[in-house]
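Worksheet: one structure, shown below.
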Number of protein chains: 2
Amino acid sequence: MKINQDIKVAVDAVVFGYTENVLKILLIKQKFGTNEDKWALPGGFVKNKESLDEAVSRELKEETGVVANYLEQLYTFGSLNRDERARVISVSYIALINPKNYSLKADTDAIDAKWFAISHIPKLAFDHKEILKKGIERLQAKISYQPIGFELLDLKFPFSDLENLYQTILKKKIDRRNFRKKLLSFKILNETNEFQKNVSGRPAKLYSFNKKKYRELERDGFHFEIKLV
Amino acid sequence: MKINQDIKVAVDAVVFGYTENVLKILLIKQKFGTNEDKWALPGGFVKNKESLDEAVSRELKEETGVVANYLEQLYTFGSLNRDERARVISVSYIALINPKNYSLKADTDAIDAKWFAISHIPKLAFDHKEILKKGIERLQAKISYQPIGFELLDLKFPFSDLENLYQTILKKKIDRRNFRKKLLSFKILNETNEFQKNVSGRPAKLYSFNKKKYRELERDGFHFEIKLV
DNA sequence: ACAAAAGTGTTTTACATACACCCATGG
DNA sequence: CCATGGGTGTATGTAAAACACTTTTGT
């Protein structure tokens, strides 16, 4: 095809993590080379022979060492002056990670990778602030009607973790009793025999998310939904 | 930048129209040149100096003569073999149109443009069937929690048009009384003094969508929502 | 007067909300 | 025994769902 088009295609990911009751995102910084002293979303250019999904996964792995089990396309940013060096469009993604499962050793060692609390994000390169904003909005919308919050928690978690996760992401107060009542009514949580250890106060029973059960219920018309007005 | 990337960027639109109580989409067919005898979503390659949104609007205008007042980015399709001639990624959109407002004279006259009932879609080129599927899903989700259905109707419409629109798109039966009660409780419809003309049965009063009022309510925390279980 | 579609209220049911005290553990 | 967070039930309010007959117009 003889099309006179010179546009580069990149992917970028807003990677969410949740530790110590704080929502965080994963940012990188080039150690050498690049002029700017700014942090950026992990990402990079798509190769000719890889799909978009493959590209994000690869870049994430290369730049941060992280492998996301939840990855969802977010939006494609294509305005003219995103990158001054060339016309670049960015297909963005959101990813959910449990930071405990990975150490950020920054595989390709020219890169610094770090978790930043959502409340203390540094100045970001390009239009990444805008991408992040859209990513947060999507996360808020998505955890309200899909059980994806569990991807951010340990496999076995106390109810309070779930509560705090929702309160943090949606910035709303929860009534603990009603929240628990609702979640249990969905019947997608398994009660384990385990309890928290070494905590102050009464140790909480641990629960796990029953994904298989959820899929079944979903097939039968069940809709997960958590609304915090 | 010295990136060895050879990927072309296209845009495609799933354009919805609604006439005679039937949901339709707008398809095009190249009159000469292209090999395939298949219909396709309107769209084309992005120019170096235009944004993605500008690109869809331009292509829509060029290929079908239509100007969408509602246009929303849908998803970016980027698998390897979408187009056999080259690596092409497609940033897709959905658009809502009232077909009565346009005649499809196919501006660039090498192209045929036609409305197809959603229930009688011909074989589509490339992966456009997949794009269409995602477009329909998005439309169904979106009209459930945003008042975008009005973009498909006349400025003044009888309640029955709204009912039929929702029933058609969501493939669910509506209780007319409850539906009307709910819509009216939102207070985003203006009652006009006009009535249907030349219809069988009792002529219905016409209503119009008060967008300004909706924006105000939205700002105050109101959430539009129509759920048809 | 008949056919066709519009218009209209009430009752029942289910879910969301609001709310406060006792329990288990570690120090 | 005190501090810390975990666990639990009921009453009330509000919105959704179910449901059928009368009205207006054209033929």
Side-chain angles (χ1 to χ4, degrees), chain A residues 20-22 143-145 153-154 156-168 170 172-208 217 220-229, chain B residues 20-22 143-145 153-154 156-168 170-208 217 221-229:
Chain A
E20 292 115 29
N21 293 340
V22 176
I143 62 161
S144 299
Y145 61 90
L153 301 179
D154 295 340
K156 297 174 182 177
F157 53 86
F159 243 101
S160 52
D161 275 11
L162 244 196
E163 287 164 22
N164 289 327
L165 178 68
Y166 271 85
Q167 291 187 137
T168 304
L170 297 180
K172 295 276 159 61
K173 281 267 168 290
I174 282 182
D175 179 302
R176 283 164 55 226
R177 275 183 287 193
N178 292 339
F179 183 79
R180 172 187 292 245
K181 202 190 305 174
K182 179 154 198 173
L183 262 295
L184 289 177
S185 77
F186 290 164
K187 304 203 181 303
I188 55 176
L189 294 186
N190 286 351
E191 192 176 326
T192 73
N193 297 320
E194 298 172 51
F195 290 82
Q196 286 176 305
K197 299 217 161 80
N198 310 316
V199 289
S200 88
R202 176 175 170 177
K205 183 167 277 189
L206 301 181
Y207 288 81
S208 66
L217 290 170
D220 300 344
F222 165 73
H223 286 288
F224 179 90
E225 181 169 349
I226 303 280
K227 281 229 183 102
L228 304 184
V229 189
Chain B
E20 293 116 29
N21 294 338
V22 176
I143 61 160
S144 299
Y145 62 90
L153 300 179
D154 295 339
K156 298 173 181 179
F157 53 86
F159 243 100
S160 53
D161 274 12
L162 243 197
E163 287 164 23
N164 289 328
L165 178 67
Y166 271 86
Q167 289 185 138
T168 304
L170 297 181
K171 291 180 189 142
K172 295 276 158 63
K173 281 269 168 287
I174 282 183
D175 178 303
R176 282 164 56 228
R177 278 184 285 195
N178 291 339
F179 183 78
R180 174 186 292 246
K181 202 190 308 172
K182 179 153 198 174
L183 261 296
L184 289 177
S185 76
F186 290 165
K187 303 202 182 304
I188 55 175
L189 295 186
N190 286 351
E191 192 176 326
T192 72
N193 297 318
E194 298 171 52
F195 289 81
Q196 285 177 305
K197 298 215 160 79
N198 312 316
V199 289
S200 89
R202 175 176 174 177
K205 182 166 277 188
L206 301 181
Y207 289 80
S208 66
L217 290 170
F222 165 72
H223 287 288
F224 179 91
E225 182 167 348
I226 303 281
K227 282 229 184 103
L228 305 185
V229 189

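Per chain, numbering begins at 1; letters A, B, ... match sequence-line order.
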Across the strands shown, which category fits B/Lys181 at heavy-atom distances under 4.0 angstrom: base, sugar-phosphate, nothing?
-> base
Do A/Phe224 and A/Tyr145 have ring centres separated by under 6.0 Å?
-> no
Rounded off to whole Å, could you give me the CZ-to-C1' distance for the A/Phe195 and C/dG26 pair?
-> 16 Å
Output one line per pair: protein atom, nucleotide atom from nucleotides 13-15 of chain C, and distance, for all N/O pairs under 3.5 Å.
none

Is the shortest heavy-atom distance from the side chain of B/Arg180 to the side chain of B/Leu183 under 4.5 Å?
-> no
B/Arg176 (side chain) and C/dG7 (base): donor-acceptor pair under 3.5 Å | yes
Indicate whether OP1 or OP2 belonging to C/dA6 is found under 4.0 Å from a side-chain N or O atom of B/Ser160.
-> yes
Of A/Pro203 and B/Glu225, the one whose closest nucleotide on DNA chain D sits nearer the 5' end is A/Pro203
Verify the contact: side-chain N or O of B/Arg180 to OP1 or OP2 of C/dT8, cut-off strictly under 4.0 Å; return yes or no.
-> yes
Expressed in angstrom and rounded to an integer, what is the separation of B/Lys205 atom NZ from C/dA5 atom C1'?
-> 16 Å
State whether the distance check finds a donor on one side and an acceptor on the other, under 3.5 Å, for side chain B/Arg177 versus base D/dA20.
-> yes
On DNA chain C, check which nucleotide each of A/Arg202 and B/Phe159 is closest to and give me the residue with the more 5' one.
-> B/Phe159
Can you tell if the side chain of A/Ser208 reaches within under 4.5 Å of the side chain of A/Leu189, non-hydrogen atoms only?
-> no
Would you kindly give the CG-to-P distance between A/Asn164 and D/dG5, to the nearest whole Å?
-> 11 Å
Taking B/Tyr166 for the side chain and B/Asp161 for the main chain, is one N or O donor matched with an acceptor at less than 3.5 Å?
-> no
Take the protein atom CZ of B/Phe179 and the nucleotide atom P of C/dA6, then report the distance between them rounded to whole Å.
-> 13 Å
For this output row, return yes or no: ring centroids of B/Tyr207 and B/Phe157 closer than 6.0 angstrom.
-> no
Whole Å only: how far is the NZ atom of A/Lys172 from the C1' atom of C/dT17?
-> 16 Å
Should A/Glu191 and A/Lys205 count as an ion pair when the cut-off is N to O under 4.0 Å?
-> yes
Can you figure out which of D/dG6, C/dA5, D/dA18 approaches the side chain of B/Ser200 most closely?
-> C/dA5
How long is the line joining CG of A/Asn178 and P of C/dA20, in whole Å?
-> 13 Å
Close side-chain approach of B/Phe179 and B/Leu162, heavy atoms under 4.5 Å = yes
Integer-rounded Å distance: D/dT4 P and A/Lys197 NZ = 24 Å
Assign each of A/Leu184 and A/Gly201 to its nearest nucleotide of DNA chain D by heavy atoms, then name whichever residue's nucleotide is nearer the 5' end.
-> A/Gly201
Protein-nucleotide distance (B/Asp175, atom CG; C/dT8, atom C1'), rounded to Å = 12 Å
Have a look at A/Asn198 and say if it touches a base, only the backbone sugar-phosphate, or nothing, with a 4.0 Å heavy-atom cut-off.
-> nothing
Say whether, by atom type as modelled, one donor and one acceptor occur between the side chain of B/Gln167 and the main chain of B/Ile174 under 3.5 angstrom.
-> yes
